[in-house]
Amino acid sequence: MNEKLQFDKLKNLMKLLVIIAGMIFLFWLWLHRLEGDKGPKEPEGEAVSLEDVHILLEALDIQINLDETDSGEAEQSGSTTQEDLTYGQYKMIYEQIGGAEKGIPDYEGKYMDSYAFLKEDWYQAYRLMLAYLDTESSIWETTIFILKVDAQEKKLYTTNNEYLYCSSSFADSAFTKEEVYVKGDQILTNIRILPEETILENVWVMETTKQNGMEVLECFYHQVNFRVEGMEAAEREQVVDLTFQGGKLTALAQKQDKIHGKLLSVSDSSMEIEGYGIYDTEENLEIYKLYGTLEAKKKTDLMIGYDYTDFVVYHDKICACLVSREGELDQIRVLLRNTAKGGYFYDEALVTVDGQQTVVQADEMESGERLVFQSNALTDRVNIEIEGINKGDNAYRGSVEFYKTAEGMAIINELPLEEYLYAVVPSEMPASYPEEALKAQAVCARTYAFQYILHAGLPDYGAHLDDTTSYQVYHNIAENAATTTAVKETAGMLLYHQGELARNYYYSTSCGYGTDTKIWKSDNMQEISYIQAGKLAPVEVKEQAPGAADMELEENFAAFIQTVDASDFESDEPWYRWRYEAAKIDVDAMLARLKERYQANAALVLTRQGKAGEYYYTSEPIKEIGKLKDINISKRGVGGIADEMILTGSKAVIKVISEYNIRRILCDGESKVVRQDGSSVAAGTLLPSAFFVIETGKEDGYVIGYTLIGGGYGHGVGMSQNGAKKMGSLGYGYQDILKFFFTDCEVRE
C-alpha cells in the first residue's frame, strides 16, 4: 500500500515536471517568436548625420529627397534622431544609384529601417560610390590638423591652407587632427578624428595673458593667428613646440637660445653666421618677419650679407629665424666667376691692399675658412691678380672675401650697391651713349640687382649674383665718368609695376620688333604683361604698323625682315639686319649640337614618331639624323622670333624648341655674320638672334648649305639698348624710355 502510494506520488510529480517543462518550452517559443518579429539588435556606434550625407551626395550631384521617408520610423528607435541618417533612407540612396550593380554593400540583416545608420558603414559605402560616380576624382580624402575655425565665415585654417567648410561638425574642431573629404577649396565632412598626438614645431608666441585662471597663448604659425589655452606659462615673443591631442594642448617646450650675426651663406640644410660658423637647420625650420605685418617667410627671403635676423638654436640646430627689423639694403655680394677654367673656384690669387701684397692659396685654407681684405680708406680698392683672368679693371671697391668650400676657393666682392653699378653700367652699355640711355640702363641694372639682394641667386656661396652674363656683366670694362654720373643721378631709383619690383630684361639691338618672355621655356618663367612686344618706332609709326602678333605669320615676317624700315629706331645700326651663310653643312657636327641641347633640356629637343597623318613628337635620346632633307621654322613667337624648328633627316625628324636652341643648332662655329654695313663678325657658338628666315641650298634633294636673313642682336625681350640709344638722341627722357619698353611701369625710389 505504501509502495503504491509512493509510486502514485512519483507519477504525479513526473506529470507536473512534464507540464512545467512544456510551459517553459512554450514560453521560450513565444519569446523566440517575439525576437524574430523584433529583428536584429540595433548596432552600437556613431551615427552619420543627415546633414553630412546631403553634403556628400550633393558633391556627387546626386539629388535625393531623403525627407520623404516616414518620419514615424525615427520615433520607434530611442537612439535615432531626425539629424541622423536611417537605414531606410540609406536604402533609398542605394536603390537610386544602383548599388547592387556597383557592389555597394546593402547591409541587409544588420539594420531595421528605423535604425540610425553608422558612420563607419556610410563611409565604406561612400568610397565605393566615389569609385563609380566621381570619374574626375574631384573629391578626395586627406588628413588635416585644424589650427583655427571661424564659424561665422564657415572657414577653417589648417597648417598648410585655408578652406571653406560645409559640415557644421567642424564648428568646434580647433586643434584636432582629422580625416576629411575635400572638393576644390571646400572641406566637405569629417570622416573621423584621429587620436594620435600632433606636434607643431617652432610656433611663434606673440603674447601671453591670463584669463579665468588659465594661461592663454596668442600664437602665429604658417600665416595663421590662433589662440590656445596653455598648460603652463610661456614667455611672450618666443619660439615654442606645441603638442596637441584630442583638441587640447598637452605639452609645451620653449626654445629660447638665440644667436645674432651677419648671414653669410644658406644651403638646403645649413646656414653660416658670421662669428658663429656653420649650423645645420631643422627640417621644419620656420622664418618669421616680425616688423610691420607679421608674416611667415621662405628661406629664399633671408637677407644674405645682412645682420637683421636672430637665429633660434635648439639641440645645436637652427630651428627658427626671426627677421627683427628692416634696414637699408645697400650692400651687394658678387661672386667672381673663373672664366678661364669655368666654374667659381680658383687655386690662388695675388691680393694687393694698402701697399701690402698677399698670395692666397686654396690648398692652404681650411674648409669653411674666410679671408677678408679691405682697404683702411673707404675710397681705396683691393687689387686682385689671377692667372688666366683678363678683366678691364682688377681693382675692386669694398671688400674681397676668399671662401674655402668643399669644392674649392671662391672669391666674393662685397660693396655698396651704387658702387657696384659704377662697374656694371659701362660693362653693359657703351659710355658714349646718350645720357638718358645710360640713366635708363642704370635703373634697369639697379632694379635687376636689387631683386637678387632680396632673393639671393647664389645662397650656397653667400652671394647675391655673379659677375657674368648669367646675371649682369661686372668689371668687364673700367668705370667711366659718364656712366658713373648716370648712376649717381638716378641713385636709389627702381622700376616698379603695380607696387612690385618689375622684372626687367635688356638686350643689344632689335630687328624692329621685340618679343615676350614666352620664348623662355622655363617652368618658373611666367608671361610678364608689361614687357613690350611690339614695334620699336615712334608712337605715331607704331600705331599704324602691323602688330607684333602679325609677325607670327611666316609671310608677314619674311616680308618685313628682308627689307629696311627707316622709321625703326635702330634702322641705322649695323646689327639691325644681317646675313649668315653656311655654305657646307656638317651633319655630324649638327648632330653633336642636337645631343648637347638634348642633354641640357630633353623636353626641348623632340623626335618624331608614328606614321603619316598620325605623327607625334616624343623626348628621347638622339642617335642619328641621316642626310638632311630640309630645315624650316615651324612656329614663330610674337615679333616673328623663331620658336620651333623642324630638321627633316633621312633617318629621323627632329623638332627643336626655343629661340636659344635654334640659335645654337644653326650656328656652325665657323661661318661669319655679315652685318648690314658690310662688316663681318665671327658668330662664335650662337647666332646673333632668332629673328631670321632661312633659305636652303640642295643637291639631289638633300640640304648642302643654308642662308639666314635676319636682324637684331640678343633675345629681344625687354629694353633694346640701341633702341634706348636712339631714343636718347631724339630727346626722350630716361623715364620715357623705360615706360616705352616696360608698359604700365613707373620709376620711383
Side-chain angles (χ1 to χ4, degrees), residues 200-204 220-223 237-241 253-291 294-336 344-345 365-372 399-414 450-466 471:
L200 302 185
E201 294 184 282
N202 307 316
V203 176
W204 177 245
F220 183 81
Y221 186 70
H222 291 194
Q223 309 294 14
E237 297 190 337
Q238 296 294 330
V239 172
V240 301
D241 288 351
Q254 299 190 70
K255 300 178 175 181
Q256 296 178 311
D257 291 341
K258 300 185 183 75
I259 60 175
H260 176 84
K262 183 178 179 180
L263 180 61
L264 294 179
S265 68
V266 177
S267 72
D268 291 339
S269 60
S270 66
M271 295 182 186
E272 183 180 1
I273 317 300
E274 188 175 51
Y276 294 92
I278 297 174
Y279 278 83
D280 289 338
T281 54
E282 282 190 0
E283 184 178 350
N284 295 314
L285 174 78
E286 296 294 334
I287 299 168
Y288 297 105
K289 179 180 79 71
L290 304 182
Y291 62 87
L294 180 61
E295 291 180 77
K297 304 298 269 184
K298 298 177 181 178
K299 191 181 284 188
T300 53
D301 296 317
L302 290 171
M303 297 291 103
I304 288 178
Y306 294 90
D307 62 352
Y308 301 153
T309 302
D310 287 339
F311 302 91
V312 183
V313 179
Y314 189 69
H315 292 163
D316 296 323
K317 289 186 176 182
I318 294 175
C319 63
C321 303
L322 309 176
V323 186
S324 57
R325 63 188 176 88
E326 183 178 29
E328 291 187 10
L329 302 178
D330 56 357
Q331 297 285 313
I332 191 165
R333 291 170 63 84
V334 187
L335 187 62
L336 307 186
Y344 290 123
F345 303 113
M365 294 179 67
E366 296 181 0
S367 182
E369 184 180 357
R370 292 180 186 267
L371 298 175
V372 180
S399 66
V400 173
E401 183 178 299
F402 293 83
Y403 175 40
K404 181 66 179 294
T405 72
E407 294 83 14
M409 181 179 72
I411 305 176
I412 300 164
N413 178 207
E414 180 175 326
F450 197 72
Q451 299 210 35
Y452 283 101
I453 293 177
L454 294 177
H455 304 285
L458 299 163
D460 286 9
Y461 299 97
H464 298 119
L465 36 65
D466 74 22
Y471 294 91

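The first residue in the sequence is number 1, and the count goes up from there. Model, not experiment: these values are computed from the prediction.
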Reported [atom1]-to-[atom2] distance for the pair [X] and [Y], which is rounded to 0.5 angstrom:
X: H455; Y: D301; atom1: NE2; atom2: CG; answer: 5.0 Å
X: E401; Y: L336; atom1: CD; atom2: CG; answer: 11.0 Å
X: E407; Y: Y344; atom1: CD; atom2: OH; answer: 13.0 Å
X: F220; Y: L294; atom1: CZ; atom2: CG; answer: 4.0 Å
X: F450; Y: I332; atom1: CZ; atom2: CD1; answer: 10.0 Å
X: L285; Y: S269; atom1: CG; atom2: OG; answer: 11.5 Å

Could you tell me which non-hydrogen atom of [X] sits nearest to which non-hydrogen atom of [Y], and how far apart they are?
X: S367; Y: A406; value: OG-N, 4.0 Å
X: V372; Y: S399; value: CG1-CB, 3.9 Å
X: I304; Y: L264; value: CG2-O, 3.9 Å
X: W204; Y: Q238; value: CE3-O, 3.4 Å
X: M271; Y: L302; value: CE-CD1, 3.4 Å
X: Y291; Y: K289; value: O-NZ, 2.8 Å

Quick check with a 6.0 Å cut-off and a 45 degree axis cone: is K404 positioned over the face of F402's six-membered ring?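 No; the conditions do not both hold, so K404 does not lie above the ring face of F402.
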Assess the residue pair T281 and K299 against the criterion (side-chain contact (heavy atoms from CB on, under 4.5 Å)); give the C-alpha distance rounded to whole Å, side-chain angles, the decisive distance to 0.1 Å, and a yes or no. CA-CA 11 Å; T281 54; K299 191 181 284 188; 3.8 Å; yes
Pair I259-Y279, side-chain contact (heavy atoms from CB on, under 4.5 Å): steps then yes or no: CA-CA 11 Å; I259 60 175; Y279 278 83; 3.7 Å; yes
With Y403, which residues qualify under ring pair (Phe, Tyr, Trp, His ring centres under 6.0 Å), at least two apart?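 Y403 satisfies ring pair (Phe, Tyr, Trp, His ring centres under 6.0 Å) with no residue once adjacent residues are dropped.
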Measure the acute angle between the ring planes of F345 and Y461, then classify it against the limits of 30° and 60° as parallel, tilted or perpendicular.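 The rings of F345 and Y461 sit tilted, inter-plane angle from 30° to 60°.
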Contacts under 3.5 angstrom, residues 309-330 side chains, donor-acceptor by atom type, not counting sequence neighbours:
| from | atom 1 | to | atom 2 | distance (Å) |
| --- | --- | --- | --- | --- |
| D310 | OD1 | H260 | ND1 | 2.9 |
| S324 | OG | Y308 | O | 3.3 |

Pairs flagged by salt bridge (Lys or Arg N to Asp or Glu O under 4.0 Å) wherever residues 271-283 is involved - sequence neighbours left out: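 Pairs touching residues 271-283 that pass the test: K255-E282, E272-R370.
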Would you mind telling me which of V239, D241, V240 makes a side chain to side chain contact (heavy atoms under 4.5 Å, CB included) with Q254?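 The passing option is V240.
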Keeping R333 on the side-chain end and I412 on the backbone end, is there a donor-acceptor pair under 3.5 Å?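 No; judged by distance alone, with no hydrogens or angles, the pair does not exist.
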Taking Y306 for its side chain and Q331 for its backbone only, find out whether a donor-acceptor pair lies under 3.5 Å.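 Answer holds: yes.
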side-chain contact (heavy atoms from CB on, under 4.5 Å) between I273 and L263, intermediate numbers included: CA-CA 5 Å; I273 317 300; L263 180 61; 3.7 Å; yes
Quick one about N284 and E201 (side-chain donor to acceptor, distance below 3.5 Å, no hydrogens or angles considered), yes or no?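 On atom types as modelled, these side chains qualify, holding a pair under 3.5 Å.
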